[in-house]
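A quick write-up on the structure given underneath.
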2 protein chains.
Amino acid sequence: MNETLDLTIGCESCPIKHRAVCARCDADELETLDGIKYYRSFEAGQTVIWSGDRMEFVGSVVSGIASLTQTMEDGRTQMVGLLLPSDFVGRPGREFASYDVVATTDLVMCCFRRKPFENMMVETPHVAQRLLEMTLDELDAAREWMLVLGRKTAREKIASLLSIIGRRDASLKLEGTIGKIVFDLPLTREAMADYLGLTLETVSRQMSALKRDGVIELQGKRHVTVPSFERLMDEAGDDADGGMMA
Amino acid sequence: MNETLDLTIGCESCPIKHRAVCARCDADELETLDGIKYYRSFEAGQTVIWSGDRMEFVGSVVSGIASLTQTMEDGRTQMVGLLLPSDFVGRPGREFASYDVVATTDLVMCCFRRKPFENMMVETPHVAQRLLEMTLDELDAAREWMLVLGRKTAREKIASLLSIIGRRDASLKLEGTIGKIVFDLPLTREAMADYLGLTLETVSRQMSALKRDGVIELQGKRHVTVPSFERLMDEAGDDADGGMMA
DNA sequence: ACCTAGACTTGATCTGGGTCAAGGGTTCGC
DNA sequence: GCGAACCCTTGACCCAGATCAAGTCTAGGT
């Protein structure tokens with residue numbers, strides 16, 4: 001499934017090399033890339049791109065968390081995507097950004113100037129195909145989230161979010177997704193609310209309720225221990241298979 | 001924007017030829033396609049594919065409307081995509097379906113056997129690129145819908161749905177999206193509710209309210225007249241630009 | 001013509017989550 | 001060490017939309 005993740009050609013802190021570009025490629029392409037690649041750092045809370053801005057680059061998250069958000073004129077906001085390390089940002093072929101991209105934590109991104117990247121994509125078909133696969137994955141994630149937003153209760157929403165972050169975190173640490181899981185929440189209660197279509201008060205109340213009921217333990221406000229991942233999945237109302245089926 | 005829509009090489013009732021395959025291609029590729037192409041018809045209410053089924057084909061909607069839906073064990077369902085004529089169905093590279101695909105009205109699809117289609121995709125890079133563009137469009141639509149599901153009121157949700165269907169319908173008829181619009185709702189109140197994350201009673205009440213307030217007129221239950229599209233957009237809480245910016 | 005079934009509407013009531021308000025805990029800078 | 005700024009929690013109350021319960025309307029079928 002993650003057949004490209006173990007490739008280590010090139011700089012290992014740059015996930016795009018592994019996932020979008022390096023997959024099944026030869027060293028020549030890495031040479032090509034190095035001329036158009038650069039890193040950018042952002043502080044927590046900083047906006048990476050405003051919706052409507054010209055996109056000068058595409059890239060991927062090296063460390064930290066970014067979020068895609070949409071805002072209505074009256075200030076209501078909805079997070080429409082959570083970008084974790086190794087996630088791709090940007091739209092080859094799109095001139096302007098469709099969403100605000102905000103650094104939710106301190107953030108390092110690996111960027112490629114858009115035009116040269118697009119040219120390279122045309123010349124190397126498997127990059128386009130890898131990008132298509134990644135986009136399809138994002139689409140699946142977005143659609144799964146539509147079920148969360150449209151039909152789940154506040155408690156189920158929280159459990160869903162915790163299980164996504166917990167699973168992702170655990171797989172990065174190469175642990176299993178069974179039994180006990182420990183991780184730090186990279187989001188404020190407000191950011192969680194924006195992702196879940198709730199208010200921060202409701203998020204806080206439901207976190208307390210899940211703690212009271214023994215589904216999670218909290219050390220401080222952000223450090224979470226999940227004694228039974230199955231129990232959490234159950235609270236989330238998901239099928240037990242854990243999303244193994246694409 | 002719809003640069004590929006006016007191509008008329010090949011059978012004009014088969015949108016995939018126009019949108020996914022024919023774009024900027026030469027006649028040879030049409031020959032290749034004809035060996036692996038077939039049509040399928042479905043009655044309203046029939047299920048095209050069950051989630052988890054092996055996908056034997058990809059294809060596109062020729063006429064009628066299909067929907068992608070997700071269902072929880074307890075029966076709560078959420079529609080995660082509405083497939084209108086010319087929309088693409090299926091995932092090159094994916095073995096199994098992720099969602100139920102249901103014919104919401106009588107439906108004709110133009111199908112391609114999946115394996116040969118994938119092979120063709122590898123050989124003709126611009127098809128992969130067209131598919132990437134289409135997938136990015138779907139992703140944008142899904143994310144826009146996340147804002148609807150997460151943050152909009154029932155009245156705004158209904159107005160959003162009506163404006164999407166109305167706009168799509170009007171553009172197919174080559175009318176503008178300004179001023180008056182007339183169309184038939186292709187969805188039952190229940191299907192609307194499933195798409196909007198509401199109950200059918202709430203949908204019905206809000207339709208009545210929009211009618212009472214003069215935002216829409218109803219002839220029968222399904223035939224809708226929108227005297228002012230701007231007014232409708234306003235009720236939907238959208239920016240005025242009408243989504244012209246991809 | 002009548003009967004039935006499915007799609008829709010409308011009313012009455014209930015409730016989950018929003019809103020408003022008042023705190024508490026930590027981490028800064030001074 | 002003290003105030004200020006965040007971030008978070010908890011309580012009291014309210015309301016949009018869910019739920020439960022009758023209906024109405026229309027299209028087919030006999």
Side-chain angles (χ1 to χ4, degrees), chain A residues 43-46 72 74-78 104-106 148-162 184-213 216-224 235 237, chain B residues 43-46 65 72 74-78 102 104-106 148-162 184-213 216-224 235 237:
Chain A
E43 284 173 30
Q46 247 188 305
M72 294 171 69
D74 61 8
R76 281 177 283 178
T77 76
Q78 175 66 49
T104 298
T105 63
D106 288 347
V148 173
L149 290 173
R151 292 299 184 193
K152 290 194 177 178
T153 65
R155 174 185 263 244
E156 289 169 334
K157 285 179 174 183
I158 300 283
S160 297
L161 179 58
L162 292 177
D184 282 301
L185 262 181
L187 301 174
T188 65
R189 299 289 188 261
E190 188 178 23
M192 292 172 69
D194 281 345
Y195 200 27
L196 295 166
L198 298 170
T199 59
L200 68 91
E201 292 95 329
T202 298
V203 170
S204 183
R205 268 186 260 273
Q206 295 298 334
M207 288 289 286
S208 300
L210 288 174
K211 180 181 172 186
R212 170 172 43 72
D213 298 344
I216 59 173
E217 290 154 25
L218 287 172
Q219 289 81 44
K221 289 139 201 287
R222 301 288 193 89
H223 192 75
V224 179
E235 292 283 351
Chain B
E43 284 173 29
Q46 248 188 303
I65 300 212
M72 294 171 68
D74 61 8
R76 281 177 283 177
T77 76
Q78 175 66 48
V102 181
T104 298
T105 64
D106 288 349
V148 173
L149 290 174
R151 293 298 184 194
K152 290 193 178 179
T153 65
R155 173 186 264 244
E156 289 170 333
K157 285 179 174 183
I158 300 283
S160 298
L161 179 57
L162 292 177
D184 282 302
L185 262 181
L187 301 174
T188 64
R189 299 289 186 261
E190 188 179 22
M192 291 173 69
D194 282 345
Y195 200 29
L196 295 167
L198 298 170
T199 59
L200 69 91
E201 292 96 329
T202 298
V203 170
S204 184
R205 268 186 259 272
Q206 295 298 334
M207 288 290 286
S208 299
L210 287 173
K211 181 181 171 186
R212 170 174 41 73
D213 298 343
I216 59 174
E217 290 155 24
L218 287 172
Q219 289 81 43
K221 288 139 201 286
R222 300 289 193 90
H223 192 73
V224 180
E235 292 284 350

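The chains referred to below are lettered A, B, ... by the order of the sequence lines, with proteins before strands, and numbering in each begins at 1.
Where the helix from C:dA1-D:dT30 to C:dC30-D:dG1 starts and where it ends, the local axes point in directions that differ by 30°; five pairs per end, rounded to 10°.
Taken to the nearest 0.5 Å, the OG1 atom of B:Thr104 stands 11.0 Å off from the CD atom of B:Glu190. Taking CZ of A:Arg189 as the reference point, atom CD of A:Glu201 lies at 12.5 Å (rounded to 0.5 Å). We find the OH-CG distance between B:Tyr195 and B:Leu161 to be 7.0 Å, quoted to the nearest 0.5 Å. For the atom pair CZ of B:Arg151 and CG of A:Leu149, the computed distance is 9.0 Å after rounding to the nearest 0.5 Å.
Although no hydrogens or angles enter the test, the distance criterion places no donor-acceptor pair under 3.5 Å between the side chain of B:Ser204 and the main chain of B:Leu200. Side chain of A:Gln78 to backbone of A:Asp194: a donor-acceptor contact under 3.5 angstrom is found.
Between the CE atom of A:Met192 and the P atom of D:dC8 there is a distance of 9 Å, rounded to whole Å. As a whole-Å value, the separation of B:His223 NE2 from C:dC8 C1' is 18 Å. Between the CD atom of B:Gln219 and the C1' atom of D:dC25 there is a distance of 16 Å, given to the nearest Å. To the nearest angstrom, C1' of C:dA7 lies 8 Å from CZ of B:Arg222. One can place CG of B:Leu185 at 15 Å from P of C:dA7, the figure rounded to the nearest angstrom. Going from atom CG of A:Asp194 over to atom P of C:dG18 covers 12 Å, rounded to whole Å.
The neighbour count for A:Glu43 CD, taken as heavy atoms of other residues, nucleotides or ligands under 6.0 Å away, does not exceed 12.
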Legend entry - B/S/- contact track for nucleotides 9-19 of chain D, protein heavy atom under 4.0 Å: BBBB----SSB
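Every side-chain contact (heavy atoms from CB on, under 4.5 Å) that A:Thr202 has, sequence neighbours left out, goes to A:Ala154, A:Leu198, A:Thr199, A:Gln206.
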